Structures are given as structure tokens and as C-alpha cells.
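All of these numbers come straight from a predicted model, not from anything done at the bench. Every chain is numbered from 1 and lettered A, B, ... according to where its sequence line falls, protein lines coming before strand lines.
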Number of protein chains: 2
Amino acid sequence: MQNLPKEWNRIDKIKSLVQRHNPNTVVGLGDDGFVFRNFPGLSVIAQDMMIEEVHFSFDYTSASDLGHKILAVNLSDLAAMGATAHFAQVSLGLPAHLTQTWLDEFYQGMTQLGDQFQVEIVGGDLCLSPKATVVDVSVYGSCETPFTRGNVQPGQLLLASGPLGLSHAGLLALQNKIGDRYPESVLRHKRPTPRLDLVSSLHQQAHAVRALMDCSDGLINDVTILAHNRLGFQVWAEQALIHPEVATLAKELGTSPTDFLLWGGEDYQLLLVVDETDRDRFPEWNVLGQFTETPVIAVREDGKVRNLETFKGWKHFG
Amino acid sequence: MQNLPKEWNRIDKIKSLVQRHNPNTVVGLGDDGFVFRNFPGLSVIAQDMMIEEVHFSFDYTSASDLGHKILAVNLSDLAAMGATAHFAQVSLGLPAHLTQTWLDEFYQGMTQLGDQFQVEIVGGDLCLSPKATVVDVSVYGSCETPFTRGNVQPGQLLLASGPLGLSHAGLLALQNKIGDRYPESVLRHKRPTPRLDLVSSLHQQAHAVRALMDCSDGLINDVTILAHNRLGFQVWAEQALIHPEVATLAKELGTSPTDFLLWGGEDYQLLLVVDETDRDRFPEWNVLGQFTETPVIAVREDGKVRNLETFKGWKHFG
């Protein structure tokens, strides 16, 4: 028959790029649904979307970057639950002008990351989106005991698995076309690493993990969620790790490095809540501050404490 | 703090609308991921996206219709695998002007359908999409033994769980602003019913189910997938059930009712492949034709057989 949908060839090509044959697979990619044997323990699922000109710009995002990042932000959610990742489904809405080469690079970026953590792409959708590229990924993982955003108590400390603000510095450097001088920041912005590498060691210290979440929308945003209108939090800005590139960029742009720490999003580090007495169990982690009884978010810096009055984080619907 | 993200209130409101408390839930909606105890048998997942002006138009689609339909098309995939549905995750990209009322109606449409099949919405994403509304849903279900698109053989028959072409008739009626005279077609287009109701009886006859898929992109599209370049198919157009509204609309628009049968998509009926000798085990199902050894798609109508030369189905990337 003439004129068969081009979409079919594209889907066959994608299938050959992503298929990995997980031993638990029962019915693979290409049927109405994907079927697999359950893994030991509990199931964990998450789903996150990225939209052109809201979450990324093609001015500085390659197909491969996008494929990496949308999978990374989803795997980060699994890491934050203490899960092992297994499968991802990918829905992609594309303008008609995007080519097969673009698609190949997108899935190469995604599978390069997936292969690091034995995550296989097993389904999803491919459709036309004339006005903006849209990508939405759902992930499936498993765990024996999940870590949650929990029941945080006053006096407990908040630790981070790495420096915060670096991704936002990368974004600003790219937007100001000075990305070449901020390579680490740009890399963290374009290709964040989901901290699945920490899951196993966190489970070994599970008794000390009071709460865990990933830092996707900026420290204050995420701390406010953990405090849940019930508690406050004091950021210990002078103790928090500020990456040298963040310090340099803040100087260059005439802003405060602390603002990157407080409001910068998309670092995808893990935020861990522990009792003060357990802090030393996590020597690699950086302390960010302490939860307080009074429901106020404050910053201690240069020996002074100031309350934060206005929220400046992500506000897509602001 | 002033100026907290409006998105937070929206998410709280959505949570209160959709939460149902499945007994298998371990960590509910509102953490980094959703955690649940496995159901007996195998896991089944699927994911489908809909984009404004590609898959639907707000000229004739209400928020509630959209919420219903995007869940229905996903549940239809689970039905086609012979699965029982449990959970859905919903990513929604919305222009800034859409209101809380719109969101409420969207989730009401979705939960009304979900509640019919004990499906709970347990996660997803909500973000700004300035240029077009986008919705992507992933579903999770379970089954003991999946039905697949299988290894279809010449001589086997294709049956449908209901009339085909009705949804496409509804779409054309809406586009021509004569929807009020085609109520059944319009209803099937706007609010298709996933055939999860048939799953249990199909399992009772599992030995006779040679292949199963859902009919989402039109009969010829889906038959071509089942035949997989290896086999042909002869549509028995004179025997296929044509709904009276399709016959009337075809006359009104000066087209052939058979074209609705062959090319009309989005009916979300199930397509079942059986051996000829098993046809009588499925008396409620309508026979559509027979797979043939020669890899040609043909139509038998008014005593004549004609080969289909050109593909006219869904071609988003045509």
C-alpha cells in the first residue's frame, strides 16, 4: 500500500534504539501496553513534563540534552523515594519540522543516561505538536521501604547531597551567552545527574533518614513543602557550600550568591532531614540549616538573621 | 510568606478531587513518587498523549470531555492487554488563562470515568503551556496472562466489540456543526468507553483469543499492524455493522459509509482475532473480515473484491 504513515518508520527506528531486554519483560515495546513481572518489594511511579520555552529553550538545548534531562528529572523522583529504577515511558509532541536525526539524538541522550542505571524505555507516544515541543516521561521503579517527605520535627537538620544553585547559574550563563566560562554550571543545568547512586547507602542508614526529597524547584520552595506551614526553617547560608562558579557569576551579574542557594532550581540533588545527633553519619552531605518551631523561613548570614517575606521561586502560574 | 505559588493551591485542590485511597497504596499523592503494594500477577503499563488542535479542539471539547477521553484512551490500552486497571498519572500543560473551574471540570470528567473502573489518579505534573493545552496520561494495571497482538495466521477472523466509524462520524458532525442530529456519534467521539467490561469474559475464553488490540487509529491502520507485512486481510464490508447514524451522515456528506468503517479512528472498541471454528464463541462480537496469505488489504463489497492501494488513515507526520 502507498502512503503508509511515516510515524510507523519512526517508531520502528525508536524501538531499535531503545530496546534493552530487561529479564522481567513479558510483552515488550510495540503492543498496546508493556507487560513485566513484578520486582521484589513495592512499586514506585512518578511522572514529569517539560515544555519548550517554559522549561527549556532550543537556543541552548540540544535534542540529546533534552532526552537526558527529562529522564534525569524523573529518575530523581525515584531516587528521592529510595527506589531502584527499571522502566520509563516517553510521550513526545513534536513540530513537523523536527527530523529523524533530531529524534535519534533525543533517544541517544536518553538511553545514555538510562543505561547508567539499567533503565529501559518501554513505551509512550509520539505525536505532532505544531506550536511547541512537549515531552512527558513516566518512570517505574521498586523499593523495599520508601523514604518520604515525612513528618519533620523542629531541631532536625537539612542536608544536601551536593551544591545548590549551580544549575540556575548555568541557566543564567547560557541566557547571557557566557556559558563557555561556566562549564560546570552549564553541564549541571543541561545534564543533571539523578542521585540514584546514593540510594543504596541511604538504605544502609535508613534508621537515620527522617525525610528525603529531591531539590527540583529551589531550596526555599522545597523547604516550605517539608515544613508544610507547620514548622519554620533557618538557612545557614554561611555554612552552605557555594560553588566557585556560582560565586564568580553572582559577582559578574551583581547579585548575591546566597540568592542562587535559596531560589535556584533544577539541581536535582537530594535533600535529607536528620536528627542533629545523626549529622555525622552523613559526612559527605552539606548542612543547609535547621527546622524551627516558629513557622517562619529565615536566613542566617554574616551573623545576622533575616526573615524571608516574599516567595521568589518557580511560579509558572504566578 | 507573600506570593506563594498559585500552583500549590491548585495542586491541593486537585488532590482533594482525585484521592480515593486504594488499599494497596503505601505513599499517596503528594510525595516525590507514588508507592504501592504489587497486585497479583503481572504489571501492565501504557501512556498516551493528546494535544490541542491535533487530537481535539476546544470548539467542541469541554474540560470534562477532555478529562474523560484522555483517561479512556489509556484504559483502552489496558483492556487490549486483558488487564485490570488500577492507577493513572496525569501531566497537564495549560495556557495561563485556564481557570480553576476548568481544572475542576477536567478532573471531574476524569474521575467519573475512573470511578467506574476503580482507577485512581495518583500523580503527574501540572505546568504552563502557553501555546496549546497538552495532556499526557500513563496508566498502571495488572493481569494474570496478557493478550497480545500475537502471531496472527491466514484464515483467522477479525471480530470487533462494537460498531466502527461512529467516533469519526461524531467528529465530522461536530466539525460541520450538525452534532445535534448525531447524538450517539458525538457521544462516542467525545466520551468513548474503554472496553474493560469485556476483559473478564475474554479471560474465560482465553484459549480462543489468538490476538487482541484496541481499535484507535481506524480498522485498516490496526489490521495492517496485526498483519505486519506478512499477511493480508479482506474486509467483509457487507457483513460489518454500520450504525444508522453513520449511514445517514455518509449520505448527507456524499461519502461512503464503508469509508467510515475502514478509516475512521478513535472508536476504542476491541479487535479480536479468532480461528474460524471459534467464531461462535463470541456471538456478541461483529465479524469484520479474514486474514489472508497474500499480503494485500482488500475489501469485499456488493459481491466484488477491490484491493486498497493507498493508505488514508491517521498521518500526524504525513
Which atoms of [X] are under 4.5 Å from chain B, going by heavy atoms: the side chain, the backbone, both sets, or neither?
X	result
A:Val35	both
A:Phe39	backbone
A:Val44	both

Is the shortest side-chain heavy-atom distance between [X] and [Y] below 4.5 Å?
X	Y	answer
B:Asp214	B:Arg195	no
A:Leu128	A:Leu94	no
B:Ile220	B:Ile297	yes
A:Glu266	A:His55	no
B:Ile70	B:Met110	yes

Using a cut-off of under 4.5 Å for heavy-atom pairs, which of [options] has the most such pairs with chain B?
options	value
A:Val296, A:Ile51, A:Asn38	A:Asn38
A:Asp77, A:Asp31, A:Asn74	A:Asp31
A:Glu52, A:Met213, A:Met49	A:Met49
A:Val122, A:Thr148, A:Ile225	A:Thr148
A:Ala80, A:Gly123, A:Ser138	A:Ser138
A:Val134, A:Asp136, A:Leu42	A:Asp136

Salt-bridge criterion met for A:Lys13 and A:Asp104 (N-O under 4.0 Å): yes
Specify which of [options] makes the most heavy-atom pairs with chain A at under 4.5 Å.
options	result
B:Ala132, B:Ser43, B:Ser91	B:Ser43
B:Met81, B:Arg37, B:Met50	B:Met81
B:Ile45, B:Leu78, B:Leu212, B:Asp48	B:Ile45

Exercise: do A:Ser142 and A:His86 side chains pair donor with acceptor under 3.5 Å: yes
Parallel, tilted or perpendicular: ring planes of A:Phe58 versus A:Trp102, cut at 30 and 60 degrees: perpendicular
